[in-house]
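Presented below is the structure to which this report refers.
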Amino acid sequence: MVVTRFAPSPTGSMHVGNARTAIFNYLFARHNNGKLILRIEDTDLERSTRENEEKLIEDLKWLGIEWDEGPFRQSERMSIYKEYAEKLVKEGKAFYCFCTDEELERKKIEAEAKGIPPHYDGTCRKLTDEEVRIKLENKIPYTIRFKVEPGDIEFDDLIKGNIVMKEGMFGDFVILRSNGMPVYNFAVVVDDALMGVTHVIRAEEHLSNTARQILIYRALGFNTPYFSHTPLILANDGSKLSKRHGATSVAEYRQKGYLPEALFNYLALLGFTPESGKEKLSKDEIIKEFDIKRISKSPSKFDINKLNWLNSEYIKEIDRDVLLKKLKLFLDKSYFCNYDKNTLDRILILSSGGIQYFEQINDNVKIFFDDSFNLSDEYLKNNQSLIKLFYNKVSSINNINKDMWKEIVKEIGKELSLKGKELFMPVRVITTGQEHGPDIYEVLDILGKDRVLKRIERFIR
RNA sequence: GCUCCCAUCGUCUAGUCCGGUCUAGGACACCGGGUUUUCAUCCCGGCAACAGGGGUUCAAAUCCCCUUGGGAGUGCCA
């Protein structure tokens with residue numbers, strides 16, 4: 001059976017790149033009727049928090065990524081890592097290292113100065129059993145380092161193809177820290193092996209770690225899983241996606257009013273194209289079509305335009321009642337007081353046309369609330385005849401309904417011989433202050449005669 | 001420095017494995033037009049790419065080499 005896993009570290013809110021990795025693991029597992037394990041990699045005590053872990057899980061659930069086992073926490077599996085690390089020491093595949101940070105730092109700088117690779121120089125590897133015993137007895141802090149044996153490391157990556165790592169790219173590396181915590185490369189291998197993970201799907205930044213991990217798999221006598229390294233998601237300018245490029249976390253998109261289905265759809269198709277070529281697919285459709293071989297080898301840039309388009313497509317499909325509920329979740333509280341429920345609903349539906357994400361409703365709705373917008377003197381001067389005519393007509397009629405508004409605008413068009421944009425644009429501008437907006441008759445009808453008059457009388461010169 | 005990965009329109013990509021069907025297809029964005037006497041929607045059209053150079057071959061976006069450019073790793077971070 002296929003077993004995949006998503007193994008984030010709880011050091012911040014979930015990044016879209018991370019989310020996509022989760023999505024790929026999920027899709028692969030579901031496509032193959034396998035299972036997905038959630039594992040929290042919290043061995044970095046300084047940066048991992050329970051709060052972040054909860055946020056992570058919230059984001060995952062929101063996106064609709066269900067896992068089958070876990071969450072497991074590495075911090076709760078300490079004894080296991082220690083046991084395996086010591087097993088390696090016993091078998092002569094790893095060794096205790098008593099070098100201090102300062103010594104290592106110094107040697108590294110020296111090596112760099114000489115132009116040789118800044119790898120561990122093997123000092124403690126040569127220690128005799130007796131020397132080790134004495135240091136241990138004296139309670140000198142130690143780490144456990146893995147003995148890297150010479151030889152190239154070769155493996156097949158399901159996305160990248162055959163990879164050959166030349167020997168000598170790293171020295172004997174730490175697998176267990178002096179505080180007893182395992183290091184990422186070690187904990188991952190132990191966990192993936194013990195949890196029966198068959199397919200490791202993760203970001204490309206881990207590609208070179210894979211060599212180290214394969215060495216550990218072999219030393220421990222475990223079979224290596226299939227590896228798949230997905231290319232990174234970059235910002236629009238080709239650099240690493242970071243805060244200065246706008247929203248980068250799943251939570252931010254949720255807060256702006258993107259739909260989880262849309263973000264899922266977008267992210268799944270960033271670097272992956274279904275054979276059908278469809279762009280808008282449901283989760284089930286993507287699961288059906290998912291094929292790891294069709295994941296691109298090259299990095300992709302995060303394109304907010306396409307996400308916006310996709311999201312708007314999803315919004316268009318929402319039923320009126322559900323849409324209203326959603327819109328109200330994102331509507332500023334201050335907008336709830338001026339209208340009765342039915343009118344507010346009408347305003348919301350009217351204003352929702354063309355929005356790409358729910359937060360935008362707040363901008364669209366403004367024309368129904370702001371009676372004191374200003375227009376330039378020049379504009380007013382150029383449109384005085386229309387303003388006066390409109391004002392007189394409106395004030396002379398009682399009980400104006402939607403059809404009546406239509407009639408009024410029509411008459412103005414006739415009398416001033418204006419049509420199309422020439423006619424509607426100024427009507428819209430003098431009554432709402434905006435050049436664009438929803439159906440103008442609807443807007444005027446909601447505003448009502450009195451408010452419309454009040455708005456225009458300020459512009460009569 | 002060393003190791004590894006990557007390279008098709010502005011963006012996501014199809015095509016690359018198994019060379020001819022590619023005067024390189026689709027989508028987003030953008031521009032233009034139509035519908036709506038306005039807005040949104042919708043419809044139609046346009047713009048626009050095989051990074052460069054060498055090979056191999058009757059034939060190369062597709063195979064090989066080099067260059068250039070981008071990215072990752074080289075931690076008691078993950």
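In what follows, chains carry the letters A, B, and so on, assigned in the order in which the sequence lines appear, proteins first and then strands, with residues in each chain numbered from 1.
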Classify [X] by what it touches in the nucleic acid, base, sugar-phosphate, or nothing, heavy-atom distance under 4.0 Å.
X      : result
A/K410 : base
A/R294 : sugar-phosphate
A/T43  : sugar-phosphate
A/G437 : base
A/D439 : base
A/D157 : nothing
A/E41  : sugar-phosphate
A/T273 : sugar-phosphate
A/N308 : nothing

Item to check | Main-chain N/O of A/M169 paired to A/H119 side chain as donor or acceptor, under 3.5 Å | outcome: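 Pair found, side chain donor or acceptor close to backbone of A/M169.
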
Using the [atom1] atom on both, measure [N] against [M] and round to a whole Å.
N     : M     : atom1 : answer
B/G26 : B/U38 : P     : 30 Å
B/A49 : B/G71 : P     : 25 Å
B/C50 : B/C4  : P     : 30 Å
B/A24 : B/A14 : C1'   : 9 Å
B/C6  : B/U13 : C1'   : 15 Å
B/A40 : B/C17 : C1'   : 46 Å

Starting at atom [atom1] of [X], determine the distance to atom [atom2] of [N], rounded to an integer number of angstrom.
X      : N     : atom1 : atom2 : result
A/I349 : B/C39 : CD1   : P     : 21 Å
A/H229 : B/C4  : NE2   : P     : 16 Å
A/E275 : B/U13 : CD    : C1'   : 14 Å

Next on the checklist: So, under a plain 3.5 Å distance rule, would you say the side chain of A/D303 forms a donor-acceptor pair with the base of B/A29?
Outcome noted: no

Checklist outcome for this item: Partner of B/G73 under the Watson-Crick or G-U wobble criteria, both distances under 3.5 Å, comes out as B/C2

Return the nearest nucleotide to the side chain of [X]; candidates are [options].
X      : options             : result
A/E279 : B/C4, B/G73, B/G26  : B/G26
A/R145 : B/U41, B/C76, B/U13 : B/C76
A/H119 : B/U74, B/A78, B/C28 : B/U74
A/L423 : B/A29, B/G75, B/U37 : B/U37
A/I440 : B/U38, B/C5, B/A78  : B/U38
A/S9   : B/G73, B/U38, B/A78 : B/A78
A/N305 : B/C6, B/C39, B/C28  : B/C28

Looking at [X] and [Y], does any basic side-chain N land under 4.0 Å from a carboxylate oxygen?
X      : Y      : result
A/K306 : A/E279 : yes
A/E313 : A/K316 : yes
A/E110 : A/R106 : yes
A/E53  : A/R50  : yes
A/K147 : A/E149 : no

Does a donor on one side chain and an acceptor on the other come within less than 3.5 Å for [X] and [Y]?
X      : Y      : result
A/R202 : A/T210 : yes
A/N185 : A/Q213 : yes
A/N308 : A/Y258 : yes

Checklist entry - Does any residue of residues 159-176 of chain A have a heavy atom under 4.0 Å from RNA chain B, and if so, which ones, in number order? => result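 Result for residues 159-176 of chain A: A/K160, A/I163, A/V164, A/M165, A/K166, A/M169, A/V174, sorted by number.
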
Next on the checklist: On RNA chain B, compare the nucleotides closest to A/Y441 and A/H206; which residue's is nearer the 5' end?
Outcome noted: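 It is A/Y441 whose nearest nucleotide is closer to the 5' end.
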
Next on the checklist: Need to verify one output field. Residue with the more 5' nearest nucleotide on RNA chain B, A/G354 or A/Y184?
Outcome noted: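 Comparing both residues, the 5'-ward one is A/G354.
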
Checklist entry - Does A/K306 make a side-chain N or O approach to OP1 or OP2 of B/U11 shorter than 4.0 Å? => result no

